[in-house]
Amino acid sequence: MSVVRIADVLANKVAVGSKVSVQGWVRTRRDSKAGLSFVHVSDGSCFNPLQIVAPNTLENYATDVMRLSTGASVSVTGTLVASQGKGQSVELHADAVTVLGFVDDPEKYPLQPKEHTLEFLREVAHLRPRSNTFGAVSRVRHCLAQAVHRYFHERGFFWVNTPIITASDCEGAGQMFRVSTLDQMNLPRTPEGKIDYSQDFFGKEAYLTVSGQLAVEAYCLALSKVYTFGPTFRAENSNTARHLAEFWMIEPEIAFAALKDDADLAEDFLKYVLSAALSERRDDLEFFASRNKTVPVLERVQQCIEKPFQRVDYTDAVKILQGTKKKFEFKVEWGMDLQTEHERFLTEQHFGAPVIVMNYPEKIKSFYMRLNDDEKTVAAMDILAPGIGEIVGGSQREERLDLLDKRMAEFELDPRPYEWYRDLRRFGTVPHAGFGLGFERLVVYVCGLDNIRDAIPYPRTPGSAAF
RNA sequence: UCCGACUUAGCUCAGUCGGUAGAGCAGGCGGCUGUUAACCGCCGGGUCGCUGGUUCAAGUCCAGCAGUCGGAGCCA
């Protein structure tokens, strides 16, 4: 007797007539006076459940089968047959239904065979993977993660695990979470009265990483093509549908490359992983498409794969924004950062497609971005996607030591903690570039979700670290 | 963090002009049926987010707090 995945059964990989077992959780039960019960069982391996037909001749029919409610766990052995009913091609005629775990109090089980709000499901994050939506999100998320690794591996990139704890506060991208083992009730002090971090675990201040980029650049300048894919932390008090305090970020870095190569890579990469989701998780994406009234989920992904991304210089984007009749809350001037309303106009209304905005003013971008020949802009690029805004941010890195020093001075950065980073320009520097992609934002885009908190199993946001 | 909205049964919601609460679903029981989030009948189920105030009387009006959601800022 072999235990089979429901995904394999429904994909007709298991021959009709064979005797098999399935294991999973009850979605619904319907009883027929014809002397049998229909039990829909899901094992999470695919979107659809398998219909179990349990005849009342089973010795535990009255005691167990009739007690089954949504959420109960079962192991069912039987014969796979062509379905007599409509709605499914095959079903499992049970010889034995073993209940592994009843739902103690069915009235208290939060998940009902009906639509729940996503807000409610967030409150039951430990049970929501059993819902249609979060089962689907989980499978799509996995599919995308696998596609990320596959894409890079097949193209000769090496996965580099940059540290999660960083003792340098020079990553420069926003508020960081402090990592400390000091007794918070009895902090050691320096003679000046400041907290004495020399007595802390690492002998200095330490934080959770906000980006692996600087660290992975060193590996890029040795292995040529590398990427990071791991947890990233931002302590910003931002309460939006697009931000998490803990999220996963993908950061490829390529040597002997310029900004155009970076943009080409980002576009090709996005199209690859979107294609993977479309072909491997069609069932889940069709579910998202069917329940989403405002976004044509499948068409959006399809178009993103098929159509070339629009590319526009920042300077031209500003001209487009200035030339439109649409009134913006923030006035558009060269030199300012694009506001959400501007990004949305460009990607959703003007281009109606993902757009790569390139060559931003140097003053509004990070110190490590490469200064262009005009000396006013840097070789940066953001990819804006309809519905979510910035999904990728990248740049060619400043590989010339004198210019890097100049920009660090402009940003008033202490060069001492960056000596190792400056070394990379001192010892065999090469042009290189890379980008960062927020993994959850990708999941949001593919699934057509509204809130990034539904794209990760246990979301961490300001004031919330439940489960 | 700022602006706005919301918070009523396990879930989704209604509740008019201030007079101490209803529906659907879920649950229990019964009926019916190769059923499809089945259907029909009956039953149980409430500290109306919390604290205070106004009032003879507050789910309803006012204030504070909390939580959630939407938008903004910051960003991936």
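Every chain is numbered from 1 and lettered A, B, ... according to where its sequence line falls, protein lines coming before strand lines. Since the model is a prediction, treat every value here as computed from it, not as a measurement.
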Counting the benzene-type ring for Trp, do [X] and [Y] have ring centres under 6.0 Å apart?
X	Y	value
A:Phe233	A:Tyr207	no
A:Phe269	A:Phe157	no
A:Phe328	A:Phe345	yes

Identify, with sequence neighbours excluded, every residue that meets ring-ring contact (aromatic ring centres under 6.0 Å, His included) alongside A:Phe120.
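Testing A:Phe120 for ring-ring contact (aromatic ring centres under 6.0 Å, His included), a comparison that skips the adjacent residues, returns A:His116.
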Show me the dot-bracket string of RNA chain B, counting Watson-Crick or G-U pairs under 3.5 Å, with | for pairs to another strand and [ ] for crossing ones.
(((((((..((((.....[..)))).(((((.......))))).....(((((..]....))))))))))))....
Check whether any side-chain N or O of [X] sits under 4.0 Å from OP1 or OP2 of [N], and answer yes or no.
X	N	result
A:Ser32	B:U33	no
A:Arg29	B:U36	no
A:Thr340	B:G73	yes
A:Gln339	B:G73	yes
A:Arg30	B:A38	yes
A:Arg453	B:C69	yes

Residues that A:Asn359 engages under side chain to side chain contact (heavy atoms under 4.5 Å, CB included), provided they are two or more places apart
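A:Asn359 satisfies side chain to side chain contact (heavy atoms under 4.5 Å, CB included) with A:Leu259, A:Asp313, A:Asn372, A:Thr377, A:Ala379 only.
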For A:Pro462, enumerate each residue passing the side chain to side chain contact (heavy atoms under 4.5 Å, CB included) test, keeping only those at least two apart in sequence or located in another chain.
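Partners of A:Pro462 under the side chain to side chain contact (heavy atoms under 4.5 Å, CB included) test: A:Asn237, A:Asn239.
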With sequence neighbours excluded, tell me which residues meet side-chain hydrogen bond (donor to acceptor under 3.5 Å, both in side chains) with [X].
X	answer
A:Ser69	none
A:Arg291	none
A:Ser83	A:Gln88, A:Glu91
A:His342	none

Determine whether any donor atom in the side chain of A:Glu119 lies under 3.5 Å from an acceptor atom in the base of B:U12, or the reverse, and answer yes or no.
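No, no donor-acceptor pair under 3.5 Å.
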With a 3.5 Å cut-off and just heavy-atom distances, do the side chain of A:Glu123 and the base of B:U68 make a donor-acceptor pair?
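By the distance-only test, no, there is no pair.
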Using the [atom1] atoms only, state how far [M] lies from [N], rounded to an integer number of Å.
N	M	atom1	answer
B:U60	B:U20	C1'	12 Å
B:U51	B:C56	C1'	23 Å
B:A21	B:A63	P	26 Å
B:U33	B:C40	P	16 Å
B:G49	B:A9	C1'	15 Å
B:G31	B:G19	C1'	42 Å
B:C17	B:U7	C1'	23 Å
B:G15	B:C48	C1'	11 Å

Shortest side-chain distance from [X], nucleotide among [options]:
X	options	value
A:Gln112	B:G28, B:C11, B:U12	B:C11
A:Lys86	B:U36, B:A38, B:G34	B:U36
A:Phe330	B:U12, B:A72, B:G34	B:A72
A:Glu91	B:U35, B:C69, B:A38	B:U35
A:Val53	B:U1, B:G34, B:U36	B:G34
A:Arg234	B:G27, B:U68, B:C75	B:C75

What is the distance, to the nearest angstrom, from the [atom1] atom on [X] to the [atom2] atom on [N]?
X	N	atom1	atom2	value
A:Arg128	B:G10	CZ	C1'	19 Å
A:Phe120	B:C13	CZ	P	12 Å
A:His116	B:U12	NE2	C1'	9 Å
A:Met336	B:C75	CE	P	14 Å
A:Arg27	B:A38	CZ	C1'	18 Å
A:Asn237	B:C2	CG	P	9 Å
A:Leu36	B:U36	CG	P	13 Å
A:Leu118	B:C6	CG	P	21 Å

A quick test of your reading: do over 12 heavy atoms of other residues, nucleotides or ligands sit less than 6.0 Å from NE2 of A:His153?
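Open: at most 12 neighbouring heavy atoms sit under 6.0 Å from NE2 of A:His153.
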Please work out if [X] contacts a base, only the sugar-phosphate, or nothing of the nucleic acid, heavy-atom cut-off 4.0 Å.
X	answer
A:Gln88	base
A:Gly436	sugar-phosphate
A:Gln84	base
A:Ser83	base

Within residues 456-467 of chain A or reaching into it, pairs that qualify as side chain to side chain donor-acceptor pair (under 3.5 Å) - sequence neighbours excluded
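Every candidate side chain to side chain donor-acceptor pair (under 3.5 Å) pair involving residues 456-467 of chain A fails, so no pair, neighbours aside, qualifies.
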Pull out every residue in residues 238-247 of chain A that has a heavy atom closer than 4.0 Å to any atom of RNA chain B, ordered by number, or say none.
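Per residue number, the list reads A:Ser238, A:Asn239, A:Thr240, A:Arg242, A:His243, A:Leu244, A:Phe247.
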Does anything in residues 258-270 of chain A reach RNA chain B, meaning a heavy atom under 4.0 Å, and if so which residues?
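None - not one residue of the stretch has a heavy atom sitting under 4.0 Å from the strand.
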Identify each donor-acceptor pair in which a side-chain atom of residues 241-250 of chain A lies under 3.5 Å from a protein atom, sequence neighbours left out, and give them as a table.
residue	atom	partner	partner atom	Å
A:His243	ND1	A:Thr240	OG1	2.6

Between A:Gly438 and A:Asn451, which residue's closest nucleotide on RNA chain B lies nearer the 5′ terminus?
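The residue closer to the strand's 5' end, by nearest nucleotide, is A:Asn451.
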Mapping A:Glu341 and A:Asp337 to their closest nucleotides on RNA chain B, which lands nearer the 5' end?
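The residue closer to the strand's 5' end, by nearest nucleotide, is A:Glu341.
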Main chain of A:Arg130, side chain of A:Arg27: is a donor-acceptor contact present, judged purely on distance under 3.5 Å?
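The answer is yes, because a donor-acceptor pair under 3.5 Å joins these two groups.
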Between A:Arg311 and A:Asp316, is there a salt bridge with N-O shorter than 4.0 Å?
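Salt bridge absent between A:Asp316 and A:Arg311.
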